[in-house]
Amino acid sequence: MNRITGRSAFLALLKDEGITHLFGNPGTTELPIMHALKDHPDLTYVMAMQESLVVAIADGYSRASGRLVACNVHVAPGLGNAMGALYNAKFTGTPMILTAGQQEQGHGLMEPLLYDPLVRIAEPLVKWAVEVTRLEDLPRIVRRAAKIATTPPTGPVFISLPGDILNAEAGIDLGHSTRVDTRVRPSAEALDALAQRILKAERPVMIVGDEIVKSDALQEAADLATTLGCPVFQQTVGHGAHFLSEHPCFLGALTRNQAQVREALSPYDLLVVLGSDPLRMSVFSEIDPMPDGMAMVQVGLVDHDLAKNYPAEIALKADVRETLRDLVPALATAGGRVLADKAKAGIAALAPVNWTAKRQKLVAEIGTRSARSPIDPDWLALSIVEAMPEKAILVEEALTSSVKIPALRAHRDRYGFHALASGGIGWGLPGAVGVSLANPDRPVVCFSGDGSAMYSIQSIWTAARHELPLTFVIANNGGYRIIKQRLLSFHGDSNFIGMDFEKPAVDFTALAASMGLESQRVSDPAELGARLKDAFGRPGTKLIEVMVDGTV
């Protein structure tokens, strides 16, 4: 058996598991891996300037490709830096192998500088966490980590890599990769029961979520809506392209306002929930978003979300696309002409209120604000959407400036839109870097607020370093506008302490130039559309700072 070092074995194992990029920020305990990279030139190393960015870039890459990713951070402080981004990856179920270099076994007992037990730090946010204690166990651990990360419910795993393991040498068998096939369909009996329950409903409504993307079920979900002629809502946290927006049954995304959601769902008698945690809210309310007596059926592989907060009459742990491929024809056969006529009437009734009709009215209304100065945030959102090339991908984390984005930009493919999933800001810029790395043939636009951008601004250096076809659009309203809005709304207080970026103001144009990006500032609304279209249509990495109205 050929002898191999732990560091080289680790990289060879990653490559065999399908890893093409290693995202990282190196420190002393990661030097063995950096030393081994020269022997693995087919593995692209992507460096980011802080560990939270490393994880967020890897997260974006996976979300935009559906692939397993690997990232490497530095000991206890580095893992601590990464925890916010790891929290995001937990919510999106990102299949990720996160590793950190650790002090040599025995030396750690002396509690040297930077030491802390890493497994305990990572455990709350990952599916599995382990430290390698023998070189001979490394292949089994990496293989198991890849299998766990990619098996639904997918999610990040963590491996602690002590220096003595990486530097040791032995004759070891690297083994083989395993993937668990979970594209399972319900039993014939369960499928028939589901079809009969849906047909029994007089006014069903669909709520769709993240598993539509993971399962590649956009068309199948659209087929179900057409078969039933029922309205469709996107889940309350619309962080991906969860339905084809221009489908005649689509009504848009549910808000996270409990009273509004309750009112929106009250006309219906059955929720058909596909691959979603359907009613995930934000701030507390005395009002429950679920109407009294509402029945629910659910399909998905994330069993934690099945009947998590509300009982389901039928809950099927099954792949969404595979289930719909059987369910749609079963409904059509069982429902016959009665269902077909009902669906046709239902689609016609939705025409005046569906996403497309509402978009037309919204565009006209926003157009009345096109000349406002400072630039109206909704006019900026519309201008971005209209200037983007057809095949461009949008990454969005502009919060108050992007409120209208879900109502303006149509979802047409599963990887065409990505947004913040967990609520922890700062994901957008580095996430867009990962999205662009995963899609080098598609232009990417990152629409971010100034507050979010300052959590992770150094990630734009990585974009420039790799010469990505990526344009950052920063809406500069001079502060944390969303917090101002909530302070005023919740407490009637307009004394905005610690919420303004002034004295000095942040100059994003200068920041971008200092990190190697082409940059410009736009404050004239008449110039906005042309400037955006020009930037989006040219190659290279760019940043456009747009001065928008920050009034509350």
Side-chain angles (χ1 to χ4, degrees), residues 233-234 238-239 241 243-248 250-257 260 264 350-390 392-412 416-420 428 445-453 471-479 481-482 484-485 488-489 520-537 544-552:
F233 288 105
Q234 185 170 359
H239 58 80
F243 198 77
L244 297 172
S245 307
E246 293 155 316
H247 189 281
F250 188 57
L251 298 189
L254 291 170
T255 72
R256 291 193 295 278
N257 179 298
Q260 290 177 1
L350 292 172
V353 295
N354 66 16
W355 185 90
T356 301
K358 289 189 286 190
R359 184 189 190 279
Q360 187 175 2
K361 296 175 184 177
L362 179 61
V363 168
E365 191 277 322
I366 292 175
T368 64
R369 295 178 257 152
S370 62
R372 290 186 183 178
S373 183
I375 292 170
D376 180 80
D378 294 341
W379 175 245
L380 169 58
L382 177 60
S383 299
I384 289 172
V385 169
E386 294 187 336
M388 288 179 63
E390 180 67 26
I393 299 171
L394 178 61
V395 178
E396 181 271 302
E397 196 190 313
L399 302 183
T400 59
S401 294
S402 61
V403 169
K404 303 300 184 185
I405 283 289
L408 292 171
R409 184 157 193 278
H411 300 325
R412 293 174 180 151
F417 176 76
H418 306 277
L420 185 64
V445 174
C446 176
F447 181 25
S448 175
D450 50 353
S452 291
T471 304
F472 300 96
V473 181
I474 308 296
N476 189 343
N477 58 32
R481 186 170 179 238
I482 190 169
K484 294 179 182 179
Q485 289 176 339
L488 186 61
S489 175
Q520 58 180 301
R521 177 180 292 149
V522 182
S523 55
D524 184 348
E527 298 179 0
L528 182 60
R531 296 263 208 112
L532 291 171
K533 190 171 184 179
D534 174 67
F536 297 166
I544 302 174
E545 179 182 18
V546 182
M547 310 308 291
V548 298
D549 186 3
T551 57
V552 178

Mind listing the side-chain donor-acceptor pairs of residues 360-367 below 3.5 Å, one per line with the distance, residues two or more places apart or on another chain?
residue	atom	partner	partner atom	Å
Glu365	OE1	Arg369	NH2	2.5
Glu365	OE2	Arg369	NE	3.2
Glu365	OE2	Arg369	NH2	3.1

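- In terms of modelled atom types and a separation under 3.5 Å, the side chain of Arg521 and the main chain of Met547 share no donor-acceptor contact.
- Side-chain contact between Gln520 and Arg531 is present, with at least one heavy-atom pair separated by less than 4.5 Å.
- Put simply, the side chain of Leu254 does not reach to within 4.5 Å of the side chain of Gln234, judged on heavy atoms.
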Item to check | Residues Ile544, Ile474; criterion side chain to side chain contact (heavy atoms under 4.5 Å, CB included); working and verdict | outcome: CA-CA 6 Å; Ile544 302 174; Ile474 308 296; over 6 Å; no

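- If you take NE2 on His411 and CZ on Phe417, they are separated by 5.5 Å, rounding to the nearest 0.5 Å.
- Distance check, rounded to the nearest 0.5 Å: CZ of Arg359 to CG of Leu382 gives 6.5 Å.
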Next on the checklist: Let's go through Arg412 and Glu246 carefully: what are the C-alpha distance in whole Å and the side-chain angles of both, what is the deciding distance for salt bridge (Lys or Arg N to Asp or Glu O under 4.0 Å) to 0.1 Å, and is it a yes or a no?
Outcome noted: CA-CA 8 Å; Arg412 293 174 180 151; Glu246 293 155 316; 2.7 Å; yes

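- Across Pro406 and Trp355, no two heavy atoms sit closer than the pair O-NE1, 2.9 Å.
- The closest side-chain heavy-atom distance from Glu545 to Val522 is not below 4.5 Å.
- Inter-residue side-chain proximity for Met388 and Leu394 is flagged as met; some heavy-atom pair is nearer than 4.5 Å.
- A donor-acceptor distance shorter than 3.5 angstrom exists from the side chain of Asp450 to the backbone of Gly479, with no hydrogens or angles considered.
- Annotation for Asn477 and Asp549: closest pair CB-O, 4.1 Å, computed over non-hydrogen atoms.
- Minimum interatomic distance between Ala475 and Ser401 (heavy atoms only, all atoms of both residues): CB-OG, 3.5 Å.
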Next on the checklist: Under the criterion side-chain hydrogen bond (donor to acceptor under 3.5 Å, both in side chains), I'd like the reasoning laid out for Glu397 against Ser448: C-alpha separation, chi angles, the key distance, then a yes or no.
Outcome noted: CA-CA 5 Å; Glu397 196 190 313; Ser448 175; 5.6 Å; no

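- With salt bridges taken as basic N to acidic carboxylate O contacts below 4.0 Å, none links Arg409 and Glu396.
- Formation of a donor-acceptor pair under 3.5 Å by the Ser452 side chain with backbone atoms of Ala398 is not found in this model.
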Next on the checklist: Please determine whether side chain to side chain contact (heavy atoms under 4.5 Å, CB included) holds for the pair Trp379 and Leu528, giving the CA-CA distance in whole Å, both sets of side-chain angles, and the decisive distance to 0.1 Å.
Outcome noted: CA-CA 9 Å; Trp379 175 245; Leu528 182 60; 3.9 Å; yes

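- Listed here is the closest heavy atom pair of Pro248 and Leu350: O-CB, 3.8 Å.
- Taking the side chain as every heavy atom from C-beta outward, Val445 and Leu532 never approach each other to under 4.5 Å.
- In terms of heavy atoms, Gly529 sits closest to Ala387 at O-CB, 4.3 Å.
- Atom CZ of Phe233 sits about 9.0 Å away from atom CZ of Phe250, to the nearest 0.5 Å.
- In this structure, Ile393 CD1 and Cys446 SG are separated by 12.0 Å, a value rounded to the nearest 0.5 Å.
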Item to check | Derivation and outcome, side chain to side chain contact (heavy atoms under 4.5 Å, CB included), residues Asn476 and Val548 | outcome: CA-CA 6 Å; Asn476 189 343; Val548 298; 5.7 Å; no

Item to check | Derivation of the side chain to side chain contact (heavy atoms under 4.5 Å, CB included) call for Glu527 and Ile375 | outcome: CA-CA 11 Å; Glu527 298 179 0; Ile375 292 170; over 6 Å; no

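- Put simply, OG on Ser245 and CG on Leu408 are 10.5 Å apart, with the number rounded to the nearest 0.5 Å.
- Scanning both residues, Ser370 and Pro525, for their nearest heavy atoms gives O-CB, 3.2 Å.
- Separation of atoms CG (Leu380) and NZ (Lys404) is listed at 14.0 Å; rounding is to 0.5 Å.
- In the displayed structure, Lys358 atom NZ is contacted under 6.0 Å by more than 12 heavy atoms of other residues, nucleotides or ligands.
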